[in-house]
Amino acid sequence: MNLTPKQIVEELDKYIIGQEEAKKAVAVALRNRYRRSQLSAQEREEIMPKNIILKGPTGVGKTEIARRLAKLVNAPFVKIEATKFTEVGYVGRDCESMIRDLVEVAVRMVKNEKIKSVQQKVQNIVNQKLFDMVYPNKKIEGADEHLDRQRIMAELEQGNYDADFVEIDVPEQPKNIEVLATGNAEISLGNIFDGMFGQNRKKRKKVTIKDAKDILSEEESNKLLDLDSVNSEAIERVEQEGMIFIDEIDKIASKENSKGPDVSREGVQRDLLPFVEGTSVTTKYGTVKTDYILFMAAGAFHVSKVDDLIPELQGRFPIRVELNNLTKDDFYRILTEPKNATIKQYQSLLKVDKVDLKFTEDALWEIAELAEKQNLTSENIGARRLNTILEKVLEDINFNASGDENREVVVDKAFVEETMSKLIKSNDLTKYIL
């Protein structure tokens with residue numbers, strides 16, 4: 001999808017309110033990827049992605065911006081927490097695991113795309129196999145054989161026999177135990193034992209025709225796929241389009257002349273550095289170069305600063321964007337504008353129980369004002385504050401919804417004030433209690 005930066009921002013606006021500066025920065029970074037792809041191979045090799053640090057409190061849209069950006073262009077994407085990585089010798093995950101996770105995501109994406117391209121062919125094969133199983137039991141004696149076969153095939157395709165049982169051969173799934181050998185290359189013990197004791201072992205299993213369709217579809221799809229080309233395409237996609245979002249990077253930033261646990265934090269930064277700079281990682285699908293993966297890091301940086309990161313790592317994140325605290329107006333827009341707005345989600349959920357939930361305009365503004373006040377007077381948790389308020393406001397409505405009859409429920413300002421008054425008073429009182 002060759003979107004211009006303006007078009008990218010317009011797409012992000014459908015899900016994320018405000019934060020125009022951050023949207024602009026990621027939109028330009030994404031467009032630069034497209035521009036790079038149009039250059040000659042020699043020119044492309046010299047152009048590295050400009051990695052981004054997003055600074056701002058929790059709940060203002062840092063992760064959502066990165067996730068929506070990747071989804072927009074169908075790029076392989078993983079989100080990791082920097083605090084899960086530790087220096088070699090400490091308990092935790094090694095930094096190479098984020099690259100292996102990204103490759104796994106890409107392999108699944110490519111495989112699903114390939115399966116869709118052969119879906120019709122697979123469906124025909126599966127239907128024919130199942131037809132051969134059910135025909136002897138469904139045929140009508142004395143009927144025209146050609147017309148009878150057509151009838152049974154049509155009913156099979158329509159799902160009329162989905163509840164019936166058939167016996168099929170199901171491949172046995174070996175228990176894969178992955179270990180790290182020298183050089184951190186992955187070895188699957190399951191695959192080794194398969195090679196020693198024979199592959200494609202199957203067992204007979206009785207399943208419904210509905211389940212049989214899924215099992216046989218997967219089996220036939222794998223037969224039609226060239227797994228080597230899937231793996232090579234996935235690696236290519238990771239190298240050229242992959243995105244990694246490193247959250248909580250402020251938690252591994254250490255101040256100058258600090259001692260104790262901060263030593264380990266700096267160690268994590270140094271372990272991350274080679275991957276951000278560009279290195280090769282061995283995975284079970286092949287070797288991956290990380291030179292052109294786009295890294296986005298994020299953190300609140302309440303205690304530490306971006307400048308507390310080691311200089312080498314700072315240099316690999318040349319674009320720094322500060323996200324703004326959310327205001328009352330932002331909260332109102334978050335409640336009403338996005339495609340996945342929280343209000344719309346609650347309305348959809350309650351429709352299942354035949355409740356038509358409606359909010360008056362003044363109720364929405366009251367919720368927005370409460371969210372702003374609570375974030376200012378207590379811990380700032382951004383847009384997540386709306387969820388805590390709405391859960392409280394709709395607690396009784398959710399509890400009493402039974403689905404017995406259609407009914408309309410209108411939430412107005414008075415209802416919000418009454419529901420939240422006790423909670424707000426108790427929160428205010430805690431300020432004065434030691």
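What's counted below: heavy atoms across the whole structure, side chains too, no hydrogens, waters or symmetry copies.
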Minimum heavy-atom distance [X]-[Y], with the two atoms named:
X      : Y      : answer
Asp308 : Gln314 : N-NE2, 4.3 Å
Lys213 : Leu156 : NZ-O, 3.2 Å
Asp169 : Glu219 : O-OE1, 4.0 Å
Cys95  : Phe275 : CB-CE1, 3.4 Å
Ile334 : Pro338 : O-CD, 3.3 Å
Asn375 : Ile381 : OD1-N, 3.3 Å

Within the side chain of [X], is there an N or O that forms a donor-acceptor pair under 3.5 Å with the backbone of [Y]?
X      : Y      : result
Ser304 : Phe301 : no
Gln345 : Asn340 : yes
Asp211 : Val207 : no
Gln374 : Arg385 : no
Gln269 : Ile310 : yes
Asp353 : Val355 : no

Do [X] and [Y] come close enough that some side-chain heavy atom pair is under 4.5 Å?
X      : Y      : result
Val134 : Val166 : yes
Asn324 : Gln19  : yes
Phe245 : Asp247 : yes
Val73  : Met243 : yes
Ile397 : Phe415 : yes
Ile252 : Leu272 : yes
Val303 : Asp250 : no
Ile319 : Val321 : yes

In plain terms, say whether [X] and [Y] are close enough for a salt bridge, that is, a side-chain N and a carboxylate O under 4.0 Å apart.
X      : Y      : result
Glu10  : Lys6   : no
Glu220 : Lys223 : yes
Lys284 : Glu104 : yes
Asp307 : Arg320 : yes
Lys251 : Glu248 : no

Point-to-point distance, once rounded to the nearest 0.5 Å, from [atom1] of [X] to [atom2] of [Y]:
X      : Y      : atom1 : atom2 : value
Glu20  : Leu12  : CD    : CG    : 9.5 Å
Phe399 : Glu395 : CZ    : CD    : 9.0 Å
Met420 : Lys373 : CE    : NZ    : 11.5 Å
Phe77  : Ile244 : CZ    : CD1   : 9.5 Å
Lys289 : Gln240 : NZ    : CD    : 9.0 Å
Leu227 : Lys111 : CG    : NZ    : 6.0 Å

Problem - Residue pairs, two or more places apart or on separate chains, that pass salt bridge (charged side-chain N to carboxylate O under 4.0 Å, His left out) and touch residues 35-45 - result: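 Residue pairs with at least one partner in residues 35-45: there are none.
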
Handout entry: Of all pairs that satisfy salt bridge (charged side-chain N to carboxylate O under 4.0 Å, His left out), the ones with a partner from residues 321-341, not counting sequence neighbours
Key =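 Sorted result for residues 321-341: Lys328-Glu369, Arg333-Glu337.
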
Test item: side-chain donor near acceptor, [X] and [Y], under 3.5 Å:
X      : Y      : value
Tyr292 : Glu241 : no
Thr4   : Arg31  : no
Asn406 : Asp356 : no
Glu155 : Tyr161 : yes
Thr63  : Arg68  : no

Exercise answer: donor-acceptor pairs, residues 47-56 side-chain atoms, under 3.5 Å, sequence neighbours excluded:
residue	atom	partner	partner atom	Å
Lys50	NZ	Met48	O	3.2
Asn51	OD1	Phe295	N	2.9
Asn51	ND2	Arg316	O	3.0

Exercise for the section: For side-chain hydrogen bond (donor to acceptor under 3.5 Å, both in side chains), just list the numbers for Glu391 and Tyr346, CA-CA rounded to whole Å, side-chain angles, deciding distance to a tenth of an Å, and then say yes or no. Expected result: CA-CA 10 Å; Glu391 279 294 327; Tyr346 279 108; 2.6 Å; yes

Can you establish whether the number of heavy atoms outside [X] located under 6.0 Å from its atom [atom1] is more than 12?
X      : atom1 : value
Gln42  : CD    : no
Lys79  : NZ    : yes
Lys344 : NZ    : yes
Glu408 : CD    : yes

Practice task
Output all residues satisfying side-chain hydrogen bond (donor to acceptor under 3.5 Å, both in side chains) with Lys23, sequence neighbours left out; order by chain, then residue number.
Solution key: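 Checked Lys23 against side-chain hydrogen bond (donor to acceptor under 3.5 Å, both in side chains); matches are Asp13.
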
Problem - Arg237/Asn74 under side chain to side chain contact (heavy atoms under 4.5 Å, CB included): CA gap, chis, key distance, verdict - result: CA-CA 10 Å; Arg237 195 173 290 191; Asn74 198 29; 4.1 Å; yes

Practice task
Using the side chain to side chain contact (heavy atoms under 4.5 Å, CB included) rule, take Asp101 and Val105 through it: C-alpha gap first, then chi angles, then the decisive distance, then the call.
Solution key: CA-CA 6 Å; Asp101 291 345; Val105 169; 5.7 Å; no

Side chains of residues 114-121: which donor-acceptor pairs under 3.5 Å do they make with residues two or more places apart or in other chains?
residue	atom	partner	partner atom	Å
Lys114	NZ	Glu233	OE1	3.1
Ser117	OG	Lys114	O	2.5
Gln120	NE2	Asn124	OD1	3.3

Problem - For Phe165, ring pair (Phe, Tyr, Trp, His ring centres under 6.0 Å) partners two or more places apart - result: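 Expected list: none.
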
Handout entry: Audit row: Val276, Phe317, side chain to side chain contact (heavy atoms under 4.5 Å, CB included) steps and yes/no
Key = CA-CA 9 Å; Val276 182; Phe317 287 88; 4.0 Å; yes

Practice task
Dump the intermediate steps for side-chain hydrogen bond (donor to acceptor under 3.5 Å, both in side chains) on Asp132 and Gln128, then the final yes or no.
Solution key: CA-CA 6 Å; Asp132 293 338; Gln128 188 58 53; 3.2 Å; yes

Handout entry: Audit row: Leu386, Phe331, side chain to side chain contact (heavy atoms under 4.5 Å, CB included) steps and yes/no
Key = CA-CA 8 Å; Leu386 291 173; Phe331 285 124; 3.8 Å; yes

